[in-house]
Amino acid sequence: MPKSKRSKVVSLTKVAKKTREQKNALLKEVQENSDKWQYCWLFEVGNMRNAHLKTVRKLWKDSARMFFGRGAVMAKALGMTPEEEHRLGLHKLAKQIKGQVGLFFTDTPPAEVIAWFEDFSQPDFARTGNAAPRTVVLPTGPVMQQHSEPPEPFPHNEEPQLRKLGLRTSMVRGVPTLTAPHTVCERGKAISPEQAQLLKLVGLRMVRFRLGLRARWEAASGEVVQVEGVKIDEEELEGGDAPSGEGEGAEDE
């Protein structure tokens with residue numbers, strides 16, 4: 001008897017590869033935008049979250065164009081040598097495209113762009129492997145949810161999950177209650193999967209999505225200027241999402 005198609009196992013790790021047509025389309029888009037805008041900024045992201053990057057795209061939708069991911073394609077589009085560069089000076093920027101970085105095209109004056117990037121950040125939950133920025137200790141008493149304002153105690157049906165994550169709780173008047181202080185994480189130490197889940201469950205956001213500007217290309221002069229501003233730490237660069245398809249140059253919706 002043939003096997004049922006319903007029982008077929010499909011690996012969730014398989015991801016469709018980018019086709020040559022898609023890469024050529026991205027290459028063309030980058031070049032078209034380098035012809036359109038006065039400035040091209042090279043930026044990096046700390047604690048990458050696709051949802052927050054999408055917010056940045058929306059906020060700049062009418063006055064900028066952003067590409068993130070596919071570094072090799074972006075570098076090729078700009079041109080890696082003076083002979084290959086699409087416009088004067090772009091090869092100087094292309095050589096700096098390493099790791100998870102993006103391109104930000106705009107006509108907005110540099111001072112305004114720098115100020116906006118330095119000011120923008122979004123809090124988020126730490127991921128497994130992130131170094132804890134501070135020590136978190138839950139006090140004796142009802143286990144509180146920080147999502148609400150003011151914080152509220154967890155409902156009784158959440159106690160099994162809290163216990164599974166290492167909390168020693170007992171039910172007091174129907175409320176999961178700690179009988180002794182519990183250290184969730186310690187500053188500087190890597191966060192475990194259980195700790196990350198507990199921090200999210202409690203509602204403690206310990207990291208921030210940030211954008212750091214590295215360099216700026218100016219169309220009028222063809223010069224590339226290094227930017228001294230927000231610096232993204234190595235730990236922040238590693239503690240984030242992989243770029244989504246939208247982050248790789250797809251048009252904003």
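The model shown is predicted, which means the values in this text are computed figures rather than measured ones.
A distance of 4.5 Å separates CZ of R49 from CG of D124, quoted to the nearest 0.5 Å. Expressed to the nearest 0.5 Å, how far NZ of K28 lies from CD of E21 amounts to 13.5 Å. Considering CZ of F105 and OH of Y39, their distance stands at 14.5 Å, rounded to 0.5 Å. A distance of 10.5 Å separates CZ of R210 from CD of E118, quoted to the nearest 0.5 Å. Interatomic distance, SG of C40 versus CG of L103, reported as 4.5 Å (0.5 Å rounding). Taking NZ of K76 as the reference point, atom CD of Q31 lies at 10.0 Å (rounded to 0.5 Å).
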Worked verdict on Q100 versus V45 for side-chain contact (heavy atoms from CB on, under 4.5 Å): CA-CA 7 Å; Q100 287 196 14; V45 181; over 6 Å; no
Working for side-chain contact (heavy atoms from CB on, under 4.5 Å), residues V137 and V184: CA-CA 6 Å; V137 179; V184 180; over 6 Å; no
Criterion side-chain contact (heavy atoms from CB on, under 4.5 Å) on E83 and H91, from CA distance to verdict: CA-CA 9 Å; E83 294 74 27; H91 80 280; over 6 Å; no
Worked check of side-chain contact (heavy atoms from CB on, under 4.5 Å) between Q122 and T55: CA-CA 10 Å; Q122 294 291 306; T55 298; 5.7 Å; no
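Between N33 and F67, some side-chain heavy-atom pair lies under the 4.5 Å cut-off. Between R214 and V101, some side-chain heavy-atom pair lies under the 4.5 Å cut-off. The shortest distance between side-chain heavy atoms of F120 and L59 falls below 4.5 Å. In this structure the side chain of H86 never reaches within 4.5 angstrom of the side chain of V30, judged on heavy atoms. Looking at N130 and M206, their side chains never come closer than 4.5 Å, going by heavy atoms from C-beta outward. By the 4.5 Å heavy-atom criterion applied to side chains, E194 and K164 are not counted as neighbours. Residues Q38 and P110 fail the side-chain proximity criterion, which asks for heavy atoms closer than 4.5 Å. Within the 4.5 Å cutoff, side-chain heavy atoms of L162 are placed close to those of L198.
The two residues F209 and L53 make their nearest non-hydrogen contact at CZ-N, 3.8 Å. In this structure, A219 and W37 approach most closely via the heavy-atom pair CB-O, 4.0 Å. Between H52 and P123, the closest heavy-atom pair is NE2-O, 3.8 Å. Of all heavy-atom pairs between F125 and V207, the closest is O-CG2, 3.6 Å. Pairing each heavy atom of T140 with each of P181, the nearest pair is OG1-CD, 3.1 Å. Taking each heavy atom of P142 and P153 in turn, the nearest pair found is CB-CB, 4.2 Å.
Side-chain contact annotation: S34 with R87, donor-acceptor N/O pair under 3.5 Å absent.
Between F117 and W41, the ring centre distance reaches or exceeds 6.0 Å.
Hydrophobic clustering places I114 together with L211 (ILVMFWY residues linked when any side-chain heavy atoms are closer than 4.5 Å, directly or through intermediates). In this structure, L90 is not a member of the same hydrophobic cluster as M80, with clusters built from ILVMFWY side-chain heavy atoms closer than 4.5 Å. Cluster annotation: L165 is not connected to M144 through the hydrophobic network of ILVMFWY side chains, with a link wherever side-chain heavy atoms come within less than 4.5 Å.
Heavy atoms from other residues, nucleotides or ligands lying under 6.0 Å from NE2 of H147 number more than 12. The environment of NZ in K200 is sparse: at most 12 heavy-atom neighbours from other residues, nucleotides or ligands sit within 6.0 Å.
Panel note: side chain E112, backbone P109; no donor-acceptor pair is recorded below 3.5 Å. Proximity of a side-chain donor or acceptor of Q145 to a complementary backbone N or O of V202 within less than 3.5 Å is not detected. A distance-only check finds a donor-acceptor pair linking the side chain of T106 to the backbone of S63 [under 3.5 Å]. Looking at E44, its side chain never comes within 3.5 Å of a backbone N or O of G212 through a donor-acceptor pair.
Checked options K36, R65, K23; the residue passing with E29 is R65 (criterion: salt bridge (charged side-chain N to carboxylate O under 4.0 Å, His left out)).
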Anything under 3.5 Å between a donor and an acceptor, one on a side chain of residues 167-178, the other on a protein residue two or more places apart or in another chain? List them.
unit_1: T169; atom_1: OG1; unit_2: E159; atom_2: OE2; d: 3.0
unit_1: T177; atom_1: OG1; unit_2: V175; atom_2: O; d: 2.9

